[in-house]
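Single-structure report; data block below.
All values below come from the heavy atoms of this structure, side chains included, with hydrogens, waters and symmetry mates left out.
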Amino acid sequence: MQSHKFALSISKKIMLLCNVSALIPVWLICWLTQLNALLLIITTLLTVILASFLSFRLSRTLVKGIKSLETGLLNFKDGELATLLAYNHNDELGKLCQLYNQTAKQLRQEKQWIYQRELMLDKVLQSSPQAVLLKNDKGYIVYSNYSARDLFNAKVALEGSQFEQVLNNAHPQLSNALKRGNDGLFSIETENQESQAWHLSTGKLLLNNQYHYLYVFKQLTRELSRQEVEVWKKVIRIISHELNNSLGPMSSMLHSGQLLSEKVNEPRLKRVFATISERIKHLNEFVQGYGKFAKLPTPQSSTLDWPTLLEQLQSQWGFTLEINKDVKTVADPTQIEQLLINLIKNANESGSAAESINVTISQDSKGTHISVSDQGKGMSEQVMANALIPFYSTKATGSGLGLALCREIVEAHHGQISLHNRKHGGLNVHVILPRF
């Protein structure tokens, strides 16, 4: 608490100082000349009157300038920069007031420039296809653009709403992605039964000495639209057909050549035939890999035998398994097996140790949840944004169809797939297969 002490104004201090400075020599002279009491009183009164008048004249201009500065600083405090000081005397205080006016003009111009930039930035953000949401550390939304309102199906502005309340009314996949609080990739099923892939970027920043949390949702612009994917599938089927027509006779001729070479003592022929056989095998695997993506059949659903399926996978790949009891899933066993093989294979190729790869299977009212996580390097924003696009790969020998095939399988089962970087490193792929 501030103590309320008696304080003199600067004009009174100057007046008191002038009176004391004038009276001391007057009293000293009166004492030396031994003036009587009446003359001493008269001299003292005259000295006080003269000193007070001179000090008032001296301090009036100073006080006027100081009050002008005080008024200007109070305007600064209130954010008012349009008011200038009228004090223009040719003294130090006048120069100080002049400097104040120059500073006020410069700050006003900068404030106008900042305001114009804020208007431009708000216009850009409001027109952006990316959904932008900003909340404070108390859980209130302080900014959102039109795309964010569309994404959250809000009819009015989101500003001032509780973040948790907005999440409760949002799409489940969108709500889950926000609750994780990490950058990630997720999909949303629209009313037209179309799946939209979204990328979420998060950030934490300090505004006005208060932490705020920024969420940016980017709908992935597919380099290959659905129609283009169908064209690619048709091209792959034609190429696969032509290659199979050639590979069949080549394999038959190779076998005949190997039988004939047994009668010829030429060791180099064995190396030639072995190389040809290896390349034919590799080409067959190549064609089959693309064929799975191009010729994905309609799922033949049946109740999955999870213990048998997972036992087969554990015999091929190392991972730890967590599965709830009584998980009942109706899906295509062959396609779900291929889905898990691709996800577990990617996890093993991420650089993660086998014991750090976790496969979790659970079930709730929404359906069966399959989660495959590792402790590898994770994915950068660019890689994650393109991870589900066909033919996109960061591996030197990758086909770019692993995760794309996973997405095709999940969507063929009317499910959802999402990718998220883990807080302490690694990637988590989450699949939801709807209830039968």
Side-chain angles (χ1 to χ4, degrees), residues 172-188 195-204 215-220 222-223 293 310 313-314 316-323 335-362 367-411 413 415-433:
Q173 282 295 93
L174 174 60
S175 179
N176 292 336
L178 284 169
K179 288 178 180 178
R180 289 189 183 95
N182 297 330
D183 294 0
L185 195 67
F186 63 96
S187 59
I188 295 178
S195 181
Q196 293 181 350
W198 289 82
H199 181 266
L200 169 63
S201 297
T202 61
K204 184 178 180 181
Y215 302 93
V216 180
F217 303 86
K218 178 182 179 183
Q219 187 175 8
L220 300 183
R222 288 172 171 76
E223 297 179 12
F293 177 75
L310 294 170
L313 291 174
Q314 284 188 311
Q316 303 174 37
W317 306 95
F319 60 90
T320 59
L321 175 65
E322 296 179 20
I323 181 170
Q335 293 186 11
I336 298 303
E337 181 182 17
Q338 186 63 54
L339 167 74
L340 289 170
I341 287 174
N342 287 0
L343 295 180
I344 296 171
K345 179 174 177 288
N346 283 348
N348 277 272
E349 293 176 351
S350 69
S352 178
E355 59 271 14
S356 299
I357 299 173
N358 300 310
V359 177
T360 304
I361 301 174
S362 60
T368 302
H369 295 255
I370 304 172
S371 178
V372 180
S373 59
D374 59 63
Q375 291 186 354
K377 297 179 180 179
M379 288 186 179
S380 65
E381 181 177 346
Q382 180 183 0
V383 173
M384 185 173 290
N386 296 280
L388 299 179
I389 295 176
F391 317 116
Y392 178 85
S393 177
T394 58
K395 303 173 185 176
T397 58
S399 63
L401 290 177
L403 286 174
L405 180 59
C406 290
R407 178 185 167 191
E408 290 287 323
I409 293 173
V410 171
E411 291 185 355
H413 286 80
Q416 297 169 340
I417 183 171
S418 60
L419 285 70
H420 300 275
N421 283 320
R422 303 176 69 187
K423 287 185 178 180
H424 303 293
L427 186 73
N428 176 265
V429 181
H430 186 222
V431 174
I432 301 178
L433 299 176

Problem - Check against side chain to side chain contact (heavy atoms under 4.5 Å, CB included), K345 and N348 - result: CA-CA 5 Å; K345 179 174 177 288; N348 277 272; 5.8 Å; no
Handout entry: Side chains of I336 and H413 in contact at under 4.5 Å (non-hydrogen atoms)
Key = yes
Practice task
With the side chain counted from C-beta on, respond yes when S350 and L427 share a heavy-atom pair under 4.5 Å apart, and no when they do not.
Solution key: no
Exercise for the section: Could you pull out the closest heavy-atom pair between C406 and L343, with the gap in Å? Expected result: SG-CD2, 3.9 Å
Problem - Minimum heavy-atom distance between G376 and S352, given as atom pair plus value - result: N-CB, 3.7 Å
Handout entry: Interatomic distance, E411 atom CD to Q416 atom CD [nearest 0.5 angstrom]
Key = 9.5 Å
Completion exercise
CD1 of I344 to CD of E349, rounded to nearest 0.5 Å, is 12.5 Å
Handout entry: Contact summary for L200 and A177, nearest pair of heavy atoms
Key = CD2-O, 3.7 Å
Practice task
Tell me, please, which residues at least two apart from T320 pass side-chain hydrogen bond (donor to acceptor under 3.5 Å, both in side chains).
Solution key: N358
Exercise for the section: Identify the heavy atoms of I409 and Q335 that sit nearest to each other, and give their distance. Expected result: CD1-O, 3.4 Å
Practice task
Could you go through the side chain to side chain contact (heavy atoms under 4.5 Å, CB included) check for N176 and F186 one step at a time?
Solution key: CA-CA 9 Å; N176 292 336; F186 63 96; over 6 Å; no
Exercise for the section: To the nearest 0.5 Å, tell me how far F217 CZ sits from S201 OG. Expected result: 9.5 Å
Problem - Polar side-chain atom of D183 near backbone of T202 as donor-acceptor pair, under 3.5 Å - result: yes
Fill in the blank from the handout: Output for pair (L419 CG, H430 NE2), nearest 0.5 Å, gives 11.5 Å
Exercise for the section: State, yes or no, whether a side-chain contact exists between N342 and L403 at a heavy-atom distance under 4.5 Å. Expected result: no
Exercise for the section: To the nearest 0.5 Å, tell me how far Q173 CD sits from I417 CD1. Expected result: 10.5 Å
Exercise for the section: Measure the shortest side-chain to side-chain distance between F319 and L313 over non-hydrogen atoms and say whether it is less than 4.5 angstrom. Expected result: yes
Practice task
Output yes when a side-chain donor or acceptor of R422 lies under 3.5 Å from a complementary backbone atom of D374, and no otherwise.
Solution key: yes
Handout entry: Shortest non-hydrogen contact between S371 and N428, atoms and distance
Key = OG-ND2, 2.7 Å
